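Values below: all heavy atoms of this structure, side chains included; hydrogens, waters and symmetry mates excluded. On a predicted model such as this, the values are computed, not experimentally measured, just so you know. All chains are named by letter (A, B, ...) in the order of the sequence lines, taking the proteins before the strands, and each is independently numbered beginning at 1.
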Amino acid sequence: MKKKLAELLESALAACTGEGLLEAGNLPYLEMELTKDSAHGDYASNVAMVLASRVRKNPRQVAGIIREHLSDPDGILEKTEIAGPGFLNFFVKEDRWAALLAEVDSQGERYGAVDLGKGGNVMVEFVSANPTGPLHIGHARGAVVGDVIARIMAAAGFAVFREYYINDAGNQMHNLGRSVFFRYRELLGEKVELPENCYQGDYIKDIAAEILKRDGDGHRNADEKTVVPLFTDYAARVIMEGIKEDLREFGVTFEKYFSERTLYENDGVAKLLALLEEQGFVYREENTLWFKSTAFGDEKDRVVVRRNGEPTYFAADIAYHKNKFSRGFDTVIDIWGADHHGYIPRMAAGIQALGYDKEALRIVLVQLVNLLRDGKPVAMSTRSGEFVTMKEVVDEVGRDAARYNFLMRRSDSHLDFDLELAKRQSNENPVYYVQYAHARICSIIRTAAERGYAVPRYEDVDVGLLKLAEEIQLIKAITRFPEVVEGAARTLEPHRLTFYLNDLASVFHSYYNKNRVISDDEGLSRARLFLVACVRTALGNALRLLGVSAPEKM
RNA sequence: GCGCCCAUGGCUCAGCUGGAUAGAGCGUCAGACUACGAAUCUGAAUGUCGCAGGUUCGAAUCCUGCUGGGCGCACCA
């Protein structure tokens, strides 16, 4: 509906400029928004006011000119009004709303999908944690946000590719191998003191025990330099398998796990550096190689090759992004922990040096999670290995509650996650509110079936019977869904879906409590049954976008 | 010291690239099941949108300064 009205408005504006009445130059962003107050009609636009200053006319006068050029070939509009300082208010004919449900019925599971992407290729890279230990609660939020953004982009008409970048090169991995090696020797009866930078968690001991079981004590007196890589490889593989399994149980999957190491093995980093050098974006100083990120707005230049000759993580990361774009993605979305925000300017500089548009890389920051139990903070310390893992959280509160809770706020704002609250099956827990609405509708449909009513198709219903104010409101809420999907895709803001779901469920519950769906009036019963089935479709599709189940019974 | 993010009822948060009377949920108070599921609904109270200026027809939203909080400022990843 929004789209249709926007089109009417657009052609009206075109007509005005055509007659030379409004020389506005570039048309502004066309705003058409739902009104908060029904006295202002159904939709309203502020174009007249935006245009007024440009054409140096009174806003209401401009609105008048636009209104005169408005044509409504399909007869959607009841009337239009000019109100307040110059708003154009659109009143839609009441019987036009119900007709929109035809789309819901015909599209079914696909309802809500839009074509914002027009088939463009998008990569979403997320989680990307070091395989040095199991994923913890913070990773869980990033995992859900990335996963849902990927689902939203797919629904918005993009071809989506999900990737996990395995940081399996560098010091951390070496520390991992050493940690396991130390525990291995400990198991053989040696008294060992774990160095400061080693990983302490129990899972390290488990891996050490596995190696001991497999290889015996053969590594006992081996030279650390030669044997640690073996431990590193083994541990990384085991941990990575665990990570994949935990993610799968959380409903998060990837098309590809991309190993940082392969960048070195295929000379990706070396080639990248050569390319940057060729193009004059790097310079040498005191035996280190610097990337001129200041040329692209970064606050200082960054080291890409250290004094000891080893490339930095940053160098590999540029090479990785070059690799991403070379695989044909138009847009690359990175989901990062908010503590990496300082890294954005240099990464943006990196891709610009490679000749890619700054806009082609979009970075979504995910803030930290405050884990609580009954309102009290849960102590966590990664170093000592005392942390609550993602798996523990999902096992304890369930996949649906965990996912939904992570999506209830903007991803760049801090989130309190209360384990007890997330587990509680009460009105304090918003997941159930939405799921309950879905289950309730399923229950109505079951009851209807017992009384001989199947859910009718649009063609077999007199939607004209749906004319209560609450019914129009419900239809509006249903038909807003594709707009929400588009907005969420445009801004990469998954939380819009949870707010939408909450709103739709609320309108439905209210309607349900006030009106009977199944009554003695057969025609009305069928129309209402159709209406609530459409609500179910919207709820179900939106929940699916969040990776949250839509239960038929609870 | 520099940079980024945040500040909205008692609490937790929305507020859609500036719009009409700032909205939800929780909590509080008062009500609604002989009818399709009460994990629900109806109603009430609660605000100097951190503070001070500025931009304009119009600011929670944009700009400047200040206060208070978070994060970042590696030849770590």
Side-chain angles (χ1 to χ4, degrees), chain A residues 29 31 33-37 39-40 44-46 49-50 52-53 58-60 83-87 89 129-130 132 167 169-173 197 260 286-290 299-300 302-314 316-317 337-345 365 367-368 375 408-410 412-416 418 421 424-437 439-448 450-451 483-484 487-488 490-491 493 495-496 498-499 502-503 505-506 508-519 525 528-529 532 553-554:
Chain A
Y29 173 80
E31 215 168 276
E33 57 179 18
L34 275 171
T35 54
K36 289 176 206 149
D37 186 340
H40 300 141
S45 180
N46 65 349
M49 290 181 286
V50 177
S53 59
N58 176 313
R60 289 186 67 103
F87 285 104
N89 290 341
N130 276 337
T132 53
N167 299 136
N171 288 333
Q172 310 285 6
M173 297 308 295
N197 53 11
E260 181 186 354
E286 292 173 19
N287 277 330
T288 68
L289 197 64
W290 295 78
E299 58 184 18
K300 58 193 242 189
R302 308 290 172 175
V303 172
V304 280
V305 178
R306 294 191 273 253
R307 194 173 299 157
N308 65 9
E310 281 182 29
T312 58
Y313 174 83
F314 177 49
D317 218 2
D339 52 343
H340 288 69
H341 67 80
Y343 199 78
I344 295 176
L365 296 177
Q367 266 294 359
L368 303 177
M408 287 194 311
R409 308 219 183 321
R410 307 173 56 94
D412 60 2
S413 75
H414 289 271
L415 171 71
D416 288 341
D418 194 309
L421 206 65
R424 209 169 295 162
Q425 301 195 2
S426 73
N427 58 350
E428 291 165 86
N429 197 340
V431 205
Y432 300 111
Y433 183 78
V434 176
Q435 289 186 320
Y436 185 66
R440 210 175 208 185
I441 295 170
C442 292
S443 174
I444 296 170
I445 290 170
R446 281 193 298 270
T447 305
E450 284 167 17
R451 300 187 193 177
E483 296 162 22
V484 174
R490 195 165 38 76
T491 57
E493 292 178 348
H495 74 280
R496 293 189 185 203
T498 54
F499 280 89
N502 204 67
D503 189 55
S506 162
F508 165 73
H509 281 311
S510 177
Y511 174 69
Y512 173 88
N513 271 278
K514 202 165 165 188
N515 305 97
R516 287 194 58 78
V517 173
I518 308 163
S519 64
S525 296
R528 289 183 171 174
L529 191 56
V532 298
K553 289 181 183 172
M554 292 174 66

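- With a glycosidic angle no more than 90° from 0, B:rC33 adopts the syn conformation.
- Side-chain nitrogen and oxygen atoms of A:T447 include none within less than 4.0 Å of the OP1 or OP2 phosphate oxygen of B:rC36.
- With the nearest nucleotide of RNA chain B identified for both A:Y436 and A:N167, A:Y436 has the one nearer the 5' end.
- A:V305 is not listed as a side-chain neighbour of A:E310, based on a closest heavy-atom distance of 4.5 Å or more.
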Worked check of side-chain contact (heavy atoms from CB on, under 4.5 Å) between A:M408 and A:F499
CA-CA 7 Å; A:M408 287 194 311; A:F499 280 89; 5.8 Å; no
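- Residues A:Q172 and A:N167 form no side-chain contact, since every pair of their non-hydrogen atoms from C-beta on lies 4.5 Å or further apart.
- Under the rule for a salt bridge (charged side-chain N to carboxylate O under 4.0 Å, His left out), the partners of A:R410 that lie at least two apart in sequence or sit in another chain are A:D412, A:E493.
- Judged as a salt bridge (charged side-chain N to carboxylate O under 4.0 Å, His left out), and not counting sequence neighbours, A:R60 has no contacts.
- Backbone-only contact: A:S413 has heavy atoms under 4.0 Å from sugar-phosphate atoms and none from a base.
- A:Y313 comes within contact range of at least one nucleobase, with a heavy-atom separation under 4.0 Å.
- Residue A:N197 is out of contact with every strand shown, counting any heavy-atom pair closer than 4.0 Å.
- Atoms CD and CD, from A:Q435 and A:Q425 in turn, are 9.5 Å apart once rounded to the nearest 0.5 Å.
- B:rG69 atom C1' lies 12 Å from atom CD of A:Q367, rounded to whole Å.
- Nucleotides B:rC13 and B:rU21 place their P atoms 28 Å apart, quoted to the nearest Å.
- Contacts of A:Y511 classified as ring pair (Phe, Tyr, Trp, His ring centres under 6.0 Å), with partners at least two apart in sequence or in another chain: none.
- At a threshold of 4.0 angstrom between heavy atoms, the contacts of A:A437 with the nucleic acid are absent.
- Atom P of nucleotide B:rC41 and atom OH of A:Y512 are separated by 12 Å, given to the nearest angstrom.
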Full working for side-chain contact (heavy atoms from CB on, under 4.5 Å) between A:Q367 and A:L415
CA-CA 7 Å; A:Q367 266 294 359; A:L415 171 71; over 6 Å; no
Check against side-chain contact (heavy atoms from CB on, under 4.5 Å), A:M49 and A:F87:
CA-CA 7 Å; A:M49 290 181 286; A:F87 285 104; 3.5 Å; yes
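- Atom pair A:M554:CE and B:rU40:C1' shows a separation of 12 Å (rounding to whole Å applied).
- Mapping A:E493 and A:S426 onto RNA chain B by nearest heavy atom places A:E493 closer to the 5' end of the strand.
- A gap of 25 Å separates the P atoms of B:rG15 and B:rG72, to the nearest Å.
- In this model, the phosphate group of B:rC6 is not approached by any side-chain N or O of A:R410 to a distance below 4.0 Å at OP1 or OP2.
- The nearest whole Å value for the distance from the NE2 atom in A:H414 to the P atom in B:rC6 is 11 Å.
- Between A:S510 and the phosphate of B:rU42, there is a side-chain N or O to OP1/OP2 separation shorter than 4.0 Å.
- When the C1' atom is compared between B:rA22 and B:rU46, the two are found 14 Å apart, to the nearest whole Å.
- The gap from the C1' atom of B:rG9 to that of B:rA14 amounts to 14 Å, rounded to the nearest Å.
- One P atom belongs to B:rC11, the other to B:rC49, and the distance between them is 16 Å to the nearest Å.
- Rounded to an integer number of Å, the gap from A:H495 NE2 to B:rC13 P is 13 Å.
- With rounding to whole Å, A:Y511 atom OH is found 15 Å from B:rU42 atom P.
- The C1' atoms of B:rC73 and B:rG65 are separated by 23 Å, rounded to the nearest whole Å.
- Taking the six-membered ring where the residue is Trp, A:Y313 and A:Y343 present tilted rings, their angle falling between 30° and 60°.
- Contact of the A:L421 side chain with the A:N429 side chain is not registered, since no non-hydrogen atoms from C-beta on lie closer than 4.5 Å.
- The distance from atom CG of A:D503 to atom C1' of B:rU40 is 16 Å, rounded to the nearest whole Å.
- Residue contacts shown for A:R496 are limited to sugar-phosphate atoms, with no base heavy atom under 4.0 Å away.
- Residues meeting the ring pair (Phe, Tyr, Trp, His ring centres under 6.0 Å) test with A:Y432, sequence neighbours left out: none.
- Of the side-chain N and O atoms in A:R446, none sit less than 4.0 angstrom from OP1 or OP2 of B:rG37.
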Return one dot-bracket line describing RNA chain B 5' to 3' (Watson-Crick or G-U wobble pairs, both distances under 3.5 Å; ( ) same strand, [ ] crossing, | another strand, . none).
(((((.(..((((.....[...)))).(((((.......))))).....(((((..]....)))))).)))))....
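- Counting distance only, with no hydrogens placed and no angle test, the side-chain atoms of A:H341 and the base atoms of B:rC71 include a donor-acceptor pair under 3.5 Å.
- Taking atom P in both B:rG1 and B:rU67, one finds a spacing of 10 Å when rounded to whole Å.
- Across B:rC66 and B:rU48, the matching P atoms stand 25 Å from one another, rounded to whole Å.
- When the C1' atom of B:rC13 is taken as reference, atom CG of A:D416 falls 11 Å away, rounded to whole Å.
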Where protein sits on nucleotides 18-35 of chain B, one letter per nucleotide: B base, S sugar-phosphate only, - none, heavy atoms under 4.0 Å:
-BBB----S--------B
